[in-house]
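All values below were derived from every heavy atom in this structure, side-chain atoms included, with hydrogens, water molecules and symmetry-related copies excluded. Each residue takes its place number in the sequence, starting with 1.
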Amino acid sequence: PMSATLKERLKKSRRSFKSPISVVKRLQIDSEADADLELPRASSEPAENPGNDDQMINPAQPLLLEERDRLKKEVREKEETLRRLQMAKMYRAKNDLTELRSLIDKWRSCSQSVLYELQSALSADGSKLSLTHLIDSLGLEGTLLHYDKTEEDFTYT
């Protein structure tokens with residue numbers, strides 16, 4: 001049993017109460033977008049041809065659903081292509097290709113010099129060790145070093 005004054009104070013406090021935290025409803029974007037794409041269902045009203053129940057099902061619905069799935073897949077593929085292109089663009093912006101080319105040429109020149117020195121150091125008894133044998137025994141790829149096996153020398157192009 002509550003007193004009348006207490007009931008009155010509760011009524012007044014309910015009207016003036018405001019929460020310090022505002023409540024925001026969450027939007028369900030995916031489900032709303034899918035709901036927009038859904039096709040209307042056949043109505044429960046009688047069809048024009050009352051003897052045929054198949055008329056109530058929309059025959060284009062499966063085709064439209066397949067088309068939607070195909071388009072979603074195509075969008076995913078295009079997004080992946082776009083992501084790869086952006087990565088390539090970022091790589092090119094980050095790495096100066098002319099500087100890389102000069103560093104590769106410098107590396108190749110140093111490698112060729114080291115191979116000449118190694119050839120002369122490993123030659124024993126006056127017999128000269130061939131560069132082809134040296135490159136093959138080290139497991140190096142001659143094309144990276146611009147080595148021509150028929151000429152048995154490096155090409156400087």
Measure across Trp107 and Leu144 and return the closest heavy-atom pair with its distance rounded to 0.1 Å. CZ3-O, 4.0 Å
Return each pair, listed once, that meets side-chain hydrogen bond (donor to acceptor under 3.5 Å, both in side chains) where at least one residue sits in residues 110-121; pairs must be two or more places apart or across chains. Tyr116-Asp153
Any chance you could measure Asp148, atom CG, to Leu131, atom CG, to the nearest 0.5 Å? 11.5 Å
Hey, could you give me each pair passing side-chain hydrogen bond (donor to acceptor under 3.5 Å, both in side chains) that has a residue in residues 132-143? Not counting sequence neighbours. Thr132-Tyr147, Asp136-Lys149, Glu141-Thr143
Evaluation steps, side chain to side chain contact (heavy atoms under 4.5 Å, CB included), between Leu115 and Leu140: CA-CA 11 Å; Leu115 284 170; Leu140 301 174; 4.2 Å; yes
If hydrophobic clusters are built by linking Ile, Leu, Val, Met, Phe, Trp and Tyr wherever their side-chain heavy atoms come under 4.5 Å apart, do Leu122 and Leu138 end up in the same one? yes
Please step through salt bridge (Lys or Arg N to Asp or Glu O under 4.0 Å) for the pair Arg76 and Glu80, ending with a clear verdict. CA-CA 6 Å; Arg76 279 194 302 271; Glu80 178 63 20; over 6 Å; no
Give every residue pair that meets the ring pair (Phe, Tyr, Trp, His ring centres under 6.0 Å) criterion with at least one member in residues 63-103, sequence neighbours excluded. none
Sequence neighbours left out, what passes side chain to side chain contact (heavy atoms under 4.5 Å, CB included) with Arg101? Give chain and number order. Ile104, Asp105
Who pairs with Glu67 by side-chain hydrogen bond (donor to acceptor under 3.5 Å, both in side chains), at least two apart in sequence or on another chain? Arg70
So how far is it from Ser102 OG to Glu99 CD, rounded to the nearest 0.5 Å? 6.0 Å
Rounded distance [0.5 Å steps], CD in Gln86 versus OG1 in Thr81: 11.0 Å
Is there any ring pair (Phe, Tyr, Trp, His ring centres under 6.0 Å) pair reaching into residues 63-86, and which pairs are they, with sequence neighbours excluded? none
